[in-house]
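Below is one structure, written out as structure tokens; the observations come after it.
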Amino acid sequence: MSQASRPALHKLSAKVLFNRAEPGDQYVIRFHAPQLAQRCQPGHFVQVDCGPTTTLPRPLSILDADAQAGTVDIFYKVVGRGTDVMRQWQPGTEVVLMGPIGRIFDPIEAPKQALLIGGGVGAAPVDFMARSLAKRGVATTLFLGMESESPFPLETATTPLPGIDHQTNMALAKLQTQGINSRVAALTPRTGWFQGYVTDLASHYLAALSDAERAQTLLYTCGPTPMMAAAYRVAKQFGLRGQASMEEHMACGFGGCAGCVAPIRVGGEMGWNYRRVCVDGPVFDLDDIAWEEMGYPIPKAQPCGCT
């Protein structure tokens with residue numbers, strides 16, 4: 001898969017329009033940042049300056065960008081000092097952002113179709129990508145795994161999905177209005193949710209597709225590394241190609257400190273080398289990530305036995 005060229009990096013002032021609390025200590029914050037909104041694409045992230053009580057900015061994935069309205073939405077979870085500062089921001093607060101940063105997901109065109117798997121705050125880039133692909137006329141299905149209550153409104157699905165039990169019928173309301181199929185998964189039993197890992201939900205779906213449908217399907221994923229490694233195992237099982245947006249701790253966010261490296265295959269005798277997630281990624285092809293070097297052995301591709 002090819003990668004788009006990197007946009008110029010900008011440091012700019014943005015104004016908070018709203019900062020909405022969601023279940024599970026999660027928030028959706030909207031900034032008025034017209035210059036940034038015009039350049040953001042699915043897979044980009046921004047560095048957010050959380051003020052004088054923090055040393056480093058916080059890297060956060062972009063949930064949405066509206067170039068016409070000049071707005072950028074970020075989905076975040078309160079996990080430390082920086083995000084604790086963020087949740088106190090009120091409408092009108094002036095904030096310094098740097099971005100957009102990183103390499104984006106590769107878009108595809110019909111008749112290709114997309115399966116997206118997200119977990120936790122990794123929902124942001126895959127949600128953004130799902131809506132972007134749908135606007136291009138690409139048939140798109142999104143599965144989200146989360147243990148908190150959904151931060152996004154849910155409603156009963158209107159379209160059944162192959163391989164998915166009719167009782168697993170909770171869909172993301174906003175995506176459904178845009179013709180995007182979705183389901184949610186959790187280990188905790190909840191009415192209308194798939195009980196189990198989101199990658200198991202994806203496996204049920206893919207197993208019910210025809211060989212021709214699977215041959216046209218690309219997989220995109222973002223979330224905790226164990227979940228993405230499991231998504232890659234699913235991709236190998238069903239013969240899919242795809243991409244993952246890596247989540248690593250970052251300091252500078254523009255490649256200077258090399259503190260966010262991940263093992264990426266580069267060929268040659270060594271086979272892999274460390275690459276900076278902030279500027280060489282965060283999006284990498286699934287096959288290029290040396291999952292086994294992070295402790296996630298990947299089996300060889302096998303026939304799925306699901307014709």
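If you're wondering where the values come from, they're calculated on a predicted model, not measured in any experiment.
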Subject >> Polar side-chain atom of Ser132 near backbone of Phe128 as donor-acceptor pair, under 3.5 Å >> reply: no

Original post:
Mind checking what makes side-chain hydrogen bond (donor to acceptor under 3.5 Å, both in side chains) contact with Gln176, not counting sequence neighbours?
Top reply: Glu155, Thr158

Original post:
Looking only at atom types and distance, does a side-chain atom of Arg214 sit under 3.5 Å from a main-chain N or O of Leu206, one as donor and one as acceptor?
Top reply: yes

Subject >> Trp291 side chain vs Leu286 backbone, donor-acceptor pair below 3.5 Å >> reply: yes

Original post:
Hey, is Arg30 close enough to Asp73 for a salt bridge, meaning N to O under 4.0 Å?
Top reply: yes

**OP:** Give a yes or no answer on whether the side chain of Arg183 reaches the backbone of Phe194 with a donor-acceptor pair at less than 3.5 Å.
**Re:** no

Subject >> Residue Arg81 excluded, over 12 heavy atoms near CZ under 6.0 Å >> reply: no

Original post:
Does Ser182 use its side chain to pair, donor to acceptor, with the backbone of Leu172 at less than 3.5 Å?
Top reply: yes

Subject >> Tyr220 (side chain) donor-acceptor with Asp106 (main chain) under 3.5 angstrom >> reply: yes

Original post:
By side-chain hydrogen bond (donor to acceptor under 3.5 Å, both in side chains), which residues pair with Thr93, not counting sequence neighbours?
Top reply: none

**OP:** Apply salt bridge (Lys or Arg N to Asp or Glu O under 4.0 Å) to Glu213 and list each qualifying residue two or more places apart in sequence or on a separate chain.
**Re:** none

Original post:
Got more than 12 heavy atoms from elsewhere within 6.0 Å of CD, Gln68?
Top reply: no

**OP:** Might you confirm whether atom OH of Tyr197 has over 12 heavy atoms from other residues, nucleotides or ligands at distances under 6.0 Å?
**Re:** no

Original post:
Are Asp64 and Arg131 close enough for a salt bridge, meaning some N to O gap below 4.0 Å?
Top reply: yes

Subject >> Ring geometry between Phe75 and Phe152 (parallel below 30°, tilted from 30 to 60°, perpendicular above 60°) >> reply: tilted

